[in-house]
Novice: 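Before we start, here is the structure in question, set down as structure tokens.
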Amino acid sequence: MIRELQKADINKVTDIWLDTNVTAHSFISSQYWQNNFELVKKLLLQATVYVYEQNQEIQGFIGLNDEYIEGIFVSNEMQSHGIGKALLYIHP
């Protein structure tokens, strides 16, 4: 199921953001991502964000600015399961 981000989702969403950035950007110190964690948490709550939820657990999310994709993130363990593709087909 894809739905809009709710305030209660923010910890899971930012955990996915942190984990995927650290994994995808091994050439950047993980401290960089950790230092920006709280700022990103605040910004995500102000943004247009949709989450992909399966079995009552958030597996990924997409941030939009009008029709521009600001970012798309899928938990490391759920990548290559079609979640990112499903998020790309959001039509708010």
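Only a predicted model underlies this, so the values are computations on that prediction, with no experimental measurement involved.
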Novice: In terms of ring plane angle, is the pair Trp33 and Trp17 parallel, tilted or perpendicular, where the classes change at 30° and 60°?
Specialist: perpendicular
Novice: Going only through I, L, V, M, F, W and Y residues with side-chain contacts under 4.5 Å, is there a path from Ile83 to Ile58?
Specialist: no
Novice: Are any of the side-chain heavy atoms of Phe73 and Asn21 separated by less than 4.5 Å?
Specialist: yes
Novice: Atom CG in Leu43, atom OG1 in Thr14: separation rounded to 0.5 Å?
Specialist: 11.5 Å
Novice: Hey, quick one: are Tyr50 and Met1 part of the same hydrophobic cluster, counting side-chain heavy atoms closer than 4.5 Å, chains of contacts allowed?
Specialist: no
Novice: Quick one: closest heavy-atom pair of Ser30 and Val22, and the distance?
Specialist: CB-CG2, 3.9 Å
Novice: Measure the shortest side-chain to side-chain distance between Asn76 and Thr20 over non-hydrogen atoms and say whether it is less than 4.5 angstrom.
Specialist: yes
Novice: Hey, quick one: are Val49 and Ile16 part of the same hydrophobic cluster, counting side-chain heavy atoms closer than 4.5 Å, chains of contacts allowed?
Specialist: yes
Novice: For Glu4 versus Val51, what's the shortest heavy-atom pair and its separation?
Specialist: O-CG2, 4.5 Å
Novice: If I take atom OG1 from residue Thr23 and atom CD from residue Gln79, how far apart are they, to the nearest 0.5 angstrom?
Specialist: 7.5 Å
Novice: Using the rule that Ile, Leu, Val, Met, Phe, Trp and Tyr join whenever any side-chain heavy atoms are under 4.5 Å apart, tell me whether Val40 and Leu5 fall into a single cluster.
Specialist: yes
Novice: Does atom CD of Glu67 have more than 12 heavy-atom neighbours, drawn from other residues, nucleotides or ligands, at distances under 6.0 Å?
Specialist: no
Novice: Looking at Asp9, Ile2, Val74, Leu44, which one forms a side chain to side chain contact (heavy atoms under 4.5 Å, CB included) with Phe61?
Specialist: Leu44
Novice: Are Phe37 and Ile10 connected in the hydrophobic side-chain network, where two residues link if heavy atoms are under 4.5 Å apart?
Specialist: yes
Novice: To the nearest 0.5 Å, what is the distance between CE (Met78) and CD (Gln54)?
Specialist: 4.5 Å
Novice: Would you mind reporting whether Ile69 and Leu64 have side-chain heavy atoms less than 4.5 Å apart?
Specialist: yes
Novice: Show your reasoning for whether side chain to side chain contact (heavy atoms under 4.5 Å, CB included) applies to Val13 and Lys41.
Specialist: CA-CA 8 Å; Val13 166; Lys41 189 181 280 192; over 6 Å; no
Novice: Is atom OH of Tyr32 surrounded by more than 12 heavy atoms (other residues, nucleotides or ligands) closer than 6.0 Å?
Specialist: no
